[in-house]
Structures are given as structure tokens and as C-alpha cells.
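Along the sequence shown, the residues carry numbers beginning at 1.
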Amino acid sequence: MEHDGRTDEPDKRTLRREFLAVRNRLTPDVVREAGGTLAGHALELPELAGARTVAAYVSVGSEPGTAALLDALRARGVRVLLPALLPDNDLDWGEYAGAGSLTRIQHGGKMALFEPSGERLGPDAVTAADAVLLPGLAVDARGMRLGRGGGSYDRVLARLERAGARPALVVLLYDTEVVARVPAEPHDRPVHAVVTPSGVRRFPGA
Ligand SMILES: Nc1nc2c(c(=O)[nH]1)N(C=O)[C@@H](CNc1ccc(C(=O)N[C@@H](CCC(=O)O)C(=O)O)cc1)CN2
Ligand SMILES: Nc1ncnc2c1ncn2[C@@H]1O[C@H](COP(=O)(O)OP(=O)(O)OP(=O)(O)O)[C@@H](O)[C@H]1O
């Protein structure tokens with residue numbers, strides 16, 4: 001296993017590759033079923049029960065499915081914001097207006113994403129969210145999240161902090177992705193909870 005030379009921990013790049021390899025072996029049925037179960041748990045979170053605006057994302061490939069969750073939130077009357085990737089990996093935002101309102105965008109060599117086709121609200125729109133649902137590849141006992149490596153959500157979290165916004169931060173993962181420890185850098189910020197198909201785990205120190 002590769003190391004970053006500074007600690008005993010495997011580096012982020014190595015870990016991302018390992019977690020992605022496990023995800024890529026999941027069948028479409030497992031991915032869909034996990035999404036349905038996960039949506040049920042997420043919808044019971046008190047942080048989401050009172051939320052008027054939720055920043056979420058449209059899952060792709062073998063990410064735990066978010067389609068059921070997005071539609072359930074919208075049916076509740078929640079304003080759901082979805083990200084659109086900018087050239088520098090920062091995120092712009094637009095409102096979710098149903099599955100038909102999404103456009104598949106291939107960003108060069110990066111993964112293809114489904115983005116809102118309506119009005120763009122600007123990167124600061126996320127500061128209006130009462131809860132932010134984050135993608136990731138793993139989370140540890142402190143709530144530190146291993147992301148995809150683009151730094152998109154690191155920027156979102158930094159922007160929330162600058163604005164003095166304190167939304168609930170919830171990462172959506174598979175059970176095997178909740179681990180003892182992931183490497184953390186000074187810019188990394190912990191999340192408050194993780195939702196997996198088996199339930200919710202909170203990180204009180206976050
Ligand atoms: N479904 C979904 N939507 C999402 C994310 C996500 O993880 N999942 N994002 C999460 O931030 C944001 C998009 N940010 C991204 C940033 C970088 C790459 C990217 O470069 N991907 C390449 C190579 C990564 C690498 O260099 O290792 C790839 O996936 O092949 C993709 C998305 C917003 N939307
Ligand atoms: N606030 C920020 N503004 C600009 N770049 C940042 C910020 N925070 C982190 N970065 C940069 O983003 C890159 C990716 O960081 P990191 O490896 O922690 O990604 P990640 O947390 O796994 O990804 P993501 O945040 O997209 O889920 C690093 O080069 C890092 O320096």
C-alpha cells in the first residue's frame with residue numbers, strides 16, 4: 001500500500017481508489033435498494049424534518065442513490081438545491097424541479113453529472129441551506145470525510161464557515177465506508193452525521 005511518507009496512514013489517493021473499487025463491484029439492484037433504505041433513514045432525521053432549504057446532489061454510478069430522497073424532500077415542499085460543477089471545481093447551485101429538470105453534463109475527463117437546467121443561483125446560494133447532504137467515499141469516527149478529491153465540498157464548507165452559516169452536514173455512504181480513521185488535512189471539516197442503509201450515526205464532536 002502507498003503511503004504519503006509523513007504518517008502511518010495510507011494517503012487519500014490510495015484510499016479513494018480502494019473505496020471506489022469496492023463501490024464499482026456493486027450491482028445496480030444493490031445501489032438502488034441502498035438508496036431507498038437510506039432515503040427512509042434520512043427523512044427521519046430531525047435536522048431534515050424542519051429544513052426549508054436542503055442542498056443535495058444527484059447520485060451517479062455506484063454512489064448510494066439519492067433519487068428517492070430528492071423526490072421525497074420536494075414532495076414535502078422543501079426547496080432542494082443541486083450543485084453544478086464550475087471549471088475550477090467550485091460549485092454553483094440551482095433548484096431541483098423534478099427528474100425532468102436535470103441535464104447530464106460531461107465535464108471533460110471527470111465523471112458525468114446530472115445538473116439542474118434552470119437558473120443558476122451562484123456559489124453563495126448554499127449558505128441559505130438548513131442542511132447540506134454531501135457525497136463522499138468514507139467518514140471516520142471524528143466525522144472527517146474523505147471526498148472525491150476535487151475539493152468542491154471543502155470549498156462549500158469553507159464558504160459556509162465564512163458566512164457564519166451552521167447547517168446540518170450529513171454525508172451519505174454505504175456501511176463499509178464508515179471507518180475508524182481517514183487522513184485529514186488542516187482544511188478538512190467534520191460532518192455532523194452519516195446516513196447509511198443501516199441507519200444514522202452522529203458525530204457529537206463535529
Ligand atoms: N453525484 C455527485 N455529484 C457531485 C459530486 C459528487 O461527488 N457526486 N461532487 C463532489 O465533489 C461535486 C462535483 N465535483 C467533482 C469534482 C471533481 C471530479 C473529478 O475530477 N472526478 C474524476 C477524477 C477525480 C480524481 O482526480 O481523482 C473522476 O471521478 O474520474 C468530479 C466531480 C458536485 N456534484
Ligand atoms: N477552501 C478551499 N478553497 C480552494 N481549494 C481548496 C479548499 N479546501 C481544499 N482545497 C483543495 O482541494 C483539493 C482537494 O482536497 P481534498 O483532497 O481534501 O478533497 P476532498 O475533501 O476529498 O474532496 P471534496 O471536498 O470535493 O469532497 C486540495 O488540493 C485542496 O488544497
Side-chain angles (χ1 to χ4, degrees), residues 1-26 30-31 33-51 54-57 59 61-66 69 83 89 91 126 129-162 164-206:
M1 190 178 286
E2 286 175 39
H3 291 260
D4 64 12
R6 285 177 291 122
T7 68
D8 291 337
E9 297 174 322
D11 65 26
K12 285 186 175 181
R13 221 180 91 238
T14 304
L15 279 173
R16 277 188 197 106
R17 218 169 32 224
E18 291 173 359
F19 283 111
L20 278 170
V22 175
R23 274 193 184 180
N24 289 337
R25 288 197 291 268
L26 301 173
V30 169
V31 171
E33 204 176 299
T37 315
L38 196 144
H41 296 308
L43 289 165
E44 284 168 18
L45 280 171
E47 292 91 335
L48 284 193
V54 173
Y57 63 94
S59 58
S62 55
E63 293 179 327
T66 61
L69 182 53
N89 278 351
L91 301 180
V126 71
D130 303 303
V132 180
L133 306 179
L134 299 89
L137 292 175
V139 74
D140 74 13
R142 303 168 293 179
M144 301 307 292
R145 182 186 59 95
L146 178 70
R148 278 229 78 121
S152 302
Y153 279 88
D154 293 327
R155 265 169 265 210
V156 166
L157 297 179
R159 182 169 276 119
L160 293 169
E161 213 165 273
R162 281 199 301 274
R166 300 262 183 281
L169 305 175
V170 181
V171 62
L172 310 178
L173 298 173
Y174 295 101
D175 289 300
T176 53
E177 296 168 341
V178 182
V179 299
R181 195 145 181 111
V182 299
E185 296 173 84
H187 65 253
D188 287 317
R189 295 285 174 271
V191 295
H192 300 112
V194 57
V195 181
T196 67
S198 72
V200 175
R201 174 159 169 196
R202 289 170 188 283
F203 304 107

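For Ser198, the side-chain hydrogen bond (donor to acceptor under 3.5 Å, both in side chains) partners at least two apart in sequence or on another chain are Asp175, Thr196. Every side chain to side chain contact (heavy atoms under 4.5 Å, CB included) that Ala42 has, sequence neighbours left out, goes to Leu48, Leu69, Val195. Qualifying salt bridge (Lys or Arg N to Asp or Glu O under 4.0 Å) partners for Arg23, counting only residues two or more places apart in sequence or in other chains: Glu177. With sequence neighbours excluded, the residues satisfying side-chain hydrogen bond (donor to acceptor under 3.5 Å, both in side chains) with Glu161 are Arg189. For Asp188, the side-chain hydrogen bond (donor to acceptor under 3.5 Å, both in side chains) criterion is met by Lys12, not counting sequence neighbours. Remark: Asp130 pairs with no residue by the salt bridge (Lys or Arg N to Asp or Glu O under 4.0 Å) rule, at least two apart or across chains. Residues satisfying the side chain to side chain contact (heavy atoms under 4.5 Å, CB included) test with Ala141, not counting sequence neighbours, are Arg201. Take Pro167 and apply the side chain to side chain contact (heavy atoms under 4.5 Å, CB included) test, not counting sequence neighbours, and it matches Val132, Leu160, Ala165, Leu169. For Arg159, the side-chain hydrogen bond (donor to acceptor under 3.5 Å, both in side chains) criterion is met by Asp90, Asp124, not counting sequence neighbours.
Without hydrogens or angle criteria, Arg145 side chain to Pro135 main chain gives a donor-acceptor distance under 3.5 Å. Arg142 places a side-chain N or O within donor-acceptor distance of the main-chain N or O of Val182, the cut-off being under 3.5 Å. No donor-acceptor pair under 3.5 Å is formed between the side chain of Ser152 and the backbone N or O of Leu91.
Sorted by first and then second residue, the salt bridge (Lys or Arg N to Asp or Glu O under 4.0 Å) pairs involving residues 164-173 (not counting sequence neighbours) form an empty list. Within the structure, the side chain to side chain donor-acceptor pair (under 3.5 Å) test picks out the following pairs touching residues 38-50 (sequence neighbours left out): Glu47-Arg202.
Within the model, atoms CG of Leu26 and CD of Glu63 stand 12.0 Å from one another, a figure rounded to the nearest 0.5 Å. Arg181 CZ to Leu146 CG: the interatomic distance, rounded to the nearest 0.5 Å, is 13.5 Å. Note that OG1 of Thr66 and CG of Leu133 are 8.5 Å apart. Values are rounded to the nearest 0.5 Å. In this structure, OH on Tyr153 lies 11.5 Å from CZ on Arg148, to the nearest 0.5 angstrom.
Taking 4.5 Å as the limit, every side-chain heavy atom of Leu15 sits out of range of all side-chain heavy atoms of Val179. Side-chain contact between Val194 and Phe203 is present, with heavy atoms from C-beta onward closer than 4.5 Å.
Partner of Leu137 under the side chain to side chain contact (heavy atoms under 4.5 Å, CB included) criterion, out of Val171, Val22, Leu173, Leu20: Leu20 alone.
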Dump the intermediate steps for side chain to side chain contact (heavy atoms under 4.5 Å, CB included) on Leu45 and Val170, then the final yes or no. CA-CA 10 Å; Leu45 280 171; Val170 181; 4.1 Å; yes

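Residue Pro64 comes nearest to Leu38 through the heavy atom pair CB-CD1, 3.8 Å, listed as atom of the first residue, atom of the second, then distance.
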